[in-house]
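Shown next, in structure tokens, is the structure this report addresses.
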Number of protein chains: 2
Amino acid sequence: MDAPRQQATTVPGPRSGPVRLADVAEAAGVSRALASRVLNGDPAARAAAGTKARIVETAARLGYVPNVAAKSLRGNRTGLIGLVVHDLSSPIYLELMRGAREEAARHSYFLVLGDVDELLADEEAFRILISGRRVDGIVMQGGHGELDRRVGDIARALPTVVVNAPTDVEHEGATQVYPDEVAATRLLTEHLMGLGHRRIGLVSGPRQSMTNRLREEGIVTALAAAGLELREEDRVHGEWSADGGRAGVDQLVDRWGAGVDRPSALIAGNSLVGIGMLGALARHDLVIPRDLSVAAVHDTWINEHLAPSLTAVSLPLHEVGTVAVRTLLAGSHGGRHILTDPPPVLHARGSTGAAG
Amino acid sequence: MDAPRQQATTVPGPRSGPVRLADVAEAAGVSRALASRVLNGDPAARAAAGTKARIVETAARLGYVPNVAAKSLRGNRTGLIGLVVHDLSSPIYLELMRGAREEAARHSYFLVLGDVDELLADEEAFRILISGRRVDGIVMQGGHGELDRRVGDIARALPTVVVNAPTDVEHEGATQVYPDEVAATRLLTEHLMGLGHRRIGLVSGPRQSMTNRLREEGIVTALAAAGLELREEDRVHGEWSADGGRAGVDQLVDRWGAGVDRPSALIAGNSLVGIGMLGALARHDLVIPRDLSVAAVHDTWINEHLAPSLTAVSLPLHEVGTVAVRTLLAGSHGGRHILTDPPPVLHARGSTGAAG
DNA sequence: CTGAAAGCGCTTACAG
DNA sequence: CTGAAAGCGCTTACAG
């Protein structure tokens with residue numbers, strides 16, 4: 001793990017190893033203090049323009065790169081943000097990660113990856129991440145029951161932003177950032193009603209989860225505006241996964257076989273659920289959208305390539321990531337931010353059609 | 001960004017802020033040196049068992065967590081590994097990321113996320129990551145032309161492991177870790193031949209990419225063993241993406257329309273390509289597997305939920321991630337590791353059937 | 001075996 | 001405006 005000095009030919013002095021600030025200062029004939037100030041753009045440093053230029057040029061020539069550990073120790077700031085996620089396998093949250101990473105980069109921050117389950121299993125790692133001044137703040141994906149319960153502890157130790165999965169509790173000190181879930185399913189429902197659907201079902205995640213409740217609210221609101229309702233027998237709750245979607249469809253098909261009328265359209269609580277539903281419906285020989293229209297929350301690249309392609313509403317997850325990091329670095333403590341801009345966007349595709 | 005002291009009630013001394021080693025030493029009545037040695041499990045520290053226990057217990061009671069920046073500065077080691085990836089949207093590499101993260105955690109390391117395009121666009125960030133002693137080493141995803149060209153520079157500055165995409169060049173100092181690509185497509189081909197297919201086509205990524213060449217090699221080898229060949233008119237090269245798969249199918253269908261005979265089975269160069277192919281074939285009214293069997297390299301959770309479900313060979317990407325990190329931390333410099341254990345595994349599903 | 005002291009590389013009050 | 005000096009929190013030769 002040795003890092004051979006880079007500029008051996010340029011600086012043939014006795015010292016080996018990476019170029020330090022002291023080396024730059026010496027080569028430029030100034031003090032370390034001045035070199036530090038000029039290189040950091042301290043406006044108070046008003047050295048002769050020539051001196052400034054010489055310092056900058058010397059640093060470049062020597063290939064000086066500041067030692068991050070020293071900066072951290074001195075400045076009490078690591079330049080790192082912890083991104084704590086569960087469910088890395090889901091394509092849904094990658095866009096959020098990407099948004100977070102981009103915004104972090106804009107502020108010269110890097111992201112440190114944490115996995116919820118791992119962190120909960122390894123108390124030592126958890127403590128180092130949270131209390132070891134390992135990172136300057138935490139952006140964590142909400143909606144993981146066990147971790148949600150510890151948000152208060154985390155926020156007490158570090159600036160914390162909870163993204164995406166809203167929770168009931170106003171976690172003391174933690175800021176929440178999430179998209180406009182209600183608007184998303186309202187849009188989806190209006191799209192289906194515009195196609196003539198009057199009876200719309202739902203396959204979603206855990207009934208009591210805040211995310212599900214908000215998504216149901218959007219559907220119920222939109223239906224109510226047209227004098228319609230979301231019937232109890234048309235909804236099914238399970239996991240936020242493709243397996244959950246498949247299980248949901250199996251349940252509904254059982255009900256229909258037992259004499260319950262079929263709705264003409266189904267909303268998938270999220271994109272994974274939607275993928276599972278399409279596969280399961282095909283296996284039950286139901287043709288989409290002829291027999292049933294299907295539309296999902298969340299748009300990923302996959303939707304376009306499914307057969308039929310999957311109608312979906314996209315939430316501004318990239319912005320959620322961006323705003324989360326920006327909020328964190330701005331030093332916000334507490335409160336909820338519901339992102340209403342940009343609004344959810346409907347992507348109408350092959351899986352939705354006119355009501356039969 | 002203040003970190004309120006955690007144990008204010010336990011240590012009501014004048015000092016506020018996080019508990020330091022010095023606080024532990026003082027409270028335990030020993031020197032900082034001894035406290036450091038005992039807490040770090042230095043075998044040379046043979047203090048009276050009682051003293052040792054007292055130090056450990058005091059540290060726990062005060063909620064002592066070492067300051068990472070100070071450790072890094074002193075020890076010249078950050079406890080961080082840079083994971084540099086392109087194509088975060090692909091479900092394929094998530095398993096690799098997960099393997100890397102797990103192995104890193106096992107060694108008390110964290111992963112810092114880097115994006116290839118971003119790093120190439122921001123020279124400053126690149127330099128800090130590579131030369132700022134920001135991380136102790138780099139695991140980077142190969143196969144990105146521009147970054148591949150800089151591997152030599154990176155490996156000169158830091159221990160470097162290139163994962164997954166093999167390259168032609170033996171990058172000086174960089175270690176390569178990748179799965180047994182040839183065995184994977186050989187397995188896929190044998191599966192298809194076992195179903196009676198004698199003419200097998202391929203839709204893959206860039207023809208000259210090392211990954212494609214190895215995958216082709218597996219097909220050609222397996223076919224040759226049965227006296228068969230991979231015909232020029234049955235192969236198509238493009239992007240490693242669902243769009244690439246769709247474009248590939250469109251091209252093949254054009255050829256078939258122009259009088260070329262159809263093969264009875266197609267291999268998808270990777271799982272994204274396979275997803276794109278299934279969608280495109282459906283749009284051309286080809287029924288899978290009746291008209292054509294399809295099988296892909298890489299297995300992800302999606303395959304099972306497609307309609308038809310997609311036959312695929314899984315590569316041990318989790319192990320690639322694991323081995324990459326292990327190799328890096330073991331201090332290996334250079335060489336190629338082809339992972340032959342565990343071997344690729346075939347997952348036969350609905351998209352492959354007996355040759356018509 | 002243990003402690004006092006030096007030092008990792010940086011920044012920032014504090015003097016001048 | 002600039003420099004000398006202190007100090008961030010830790011570990012490890014070096015003495016004892």
Side-chain angles (χ1 to χ4, degrees), chain A residues 1-3 5 15-52 54-55 59 62-79 108 128 131-134 136, chain B residues 1-3 5 15-52 54-55 59 62-79 108 128 131-134 136:
Chain A
M1 292 273 173
D2 46 345
R5 110 142 348 101
R15 223 190 88 81
S16 88
V19 179
R20 300 158 308 165
L21 181 64
D23 301 323
V24 174
E26 190 185 357
V30 297
S31 70
R32 276 152 53 209
L34 185 56
S36 171
R37 287 185 183 114
V38 169
L39 258 17
N40 287 310
D42 183 341
R46 228 174 299 161
T51 310
K52 267 175 138 158
R54 193 172 71 248
I55 294 172
L62 299 187
Y64 170 65
V65 181
N67 182 313
V68 182
K71 275 184 113 109
S72 297
L73 180 56
R74 180 60 231 240
N76 209 33
R77 139 182 198 299
T78 62
S108 303
I128 290 189
S131 312
R133 280 128 293 167
R134 196 353 129 218
D136 294 336
Chain B
M1 294 276 172
D2 46 346
R5 112 134 354 94
R15 223 191 86 84
S16 89
V19 179
R20 300 158 308 165
L21 181 64
D23 300 324
V24 175
E26 190 185 357
V30 298
S31 71
R32 275 151 54 208
L34 185 56
S36 170
R37 287 186 184 115
V38 170
L39 259 15
N40 286 312
D42 183 341
R46 229 174 298 162
T51 310
K52 267 176 139 158
R54 194 172 71 247
I55 293 171
L62 299 188
Y64 170 65
V65 181
N67 181 313
V68 182
K71 274 185 114 110
S72 297
L73 180 55
R74 181 59 230 242
N76 209 30
R77 136 183 199 300
T78 62
S108 302
I128 290 189
S131 313
R133 280 129 292 169
R134 191 3 125 213
D136 295 336

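Atom-to-atom, CD1 of I55(A) to P of dG3(D) comes out at 8 Å; the value is rounded to the nearest Å. When the C1' atom of dC10(D) is taken as reference, atom CZ of R20(B) falls 11 Å away, rounded to whole Å. In this structure, N76(B) places its CG atom 18 Å from P of dC10(D), rounding to the nearest Å. The distance between atom CG of L21(A) and atom P of dA4(D), rounded to the nearest whole Å, is 14 Å. Atom CG in L39(B) sits about 12 Å away from atom C1' in dT11(D), given to the nearest Å. Atom CZ of R54(B) and atom C1' of dT2(C) are 13 Å apart (whole Å).
One cannot find a donor-acceptor pair under 3.5 Å joining the base of dG9(D) and the side-chain atoms of R133(A). The base of dT11(D) has none of its N or O atoms less than 3.5 Å from a complementary donor or acceptor on the side chain of R37(B).
Taking the side chain of S36(A) as heavy atoms from C-beta on, and the options dA6(D), dT12(C), dA6(C), the nearest nucleotide is dT12(C). In this structure, the nucleotide among dG3(D), dC10(D), dC10(C) sitting nearest to the side chain of V30(A) is dG3(D).
From R37(A), atom CZ reaches atom NZ of K52(A) across 12.0 Å, with rounding to the nearest 0.5 Å. Taking CZ of R134(A) as the reference point, atom OG1 of T78(A) lies at 8.5 Å (rounded to 0.5 Å).
Across the P atoms, dC10(D) and dC14(D) are found 24 Å apart, a figure rounded to whole Å. Spacing between dT2(D) and dA6(D) at atom P, rounded to whole Å, works out to 23 Å.
A side chain to side chain contact (heavy atoms under 4.5 Å, CB included) with V38(B) holds for exactly one of L34(B), D42(B), N40(B); it is L34(B).
Contact annotation: the side chain of L21(B) approaches that of S36(B) to within less than 4.5 Å [non-hydrogen atoms, C-beta and beyond].
For the OP1/OP2 pair of dT11(D) and a distance below 4.0 Å, the side-chain nitrogens and oxygens of K71(B) include at least one atom meeting the criterion. OP1 and OP2 of dC8(C) both lie 4.0 Å or more from every side-chain N or O belonging to N67(A).
Looking at heavy-atom distances under 4.0 Å, D42(B) makes no contact with the nucleic acid at all. Residue L34(B) is classed as a sugar-phosphate contact, given heavy-atom separations below 4.0 Å to backbone atoms only.
Closest non-hydrogen pair, L62(B) versus V24(B), comes out as CD1-CA, 4.0 Å.
Using Watson-Crick or G-U wobble geometry with both donor-acceptor distances under 3.5 Å, dA4(C) finds no partner in any strand shown.
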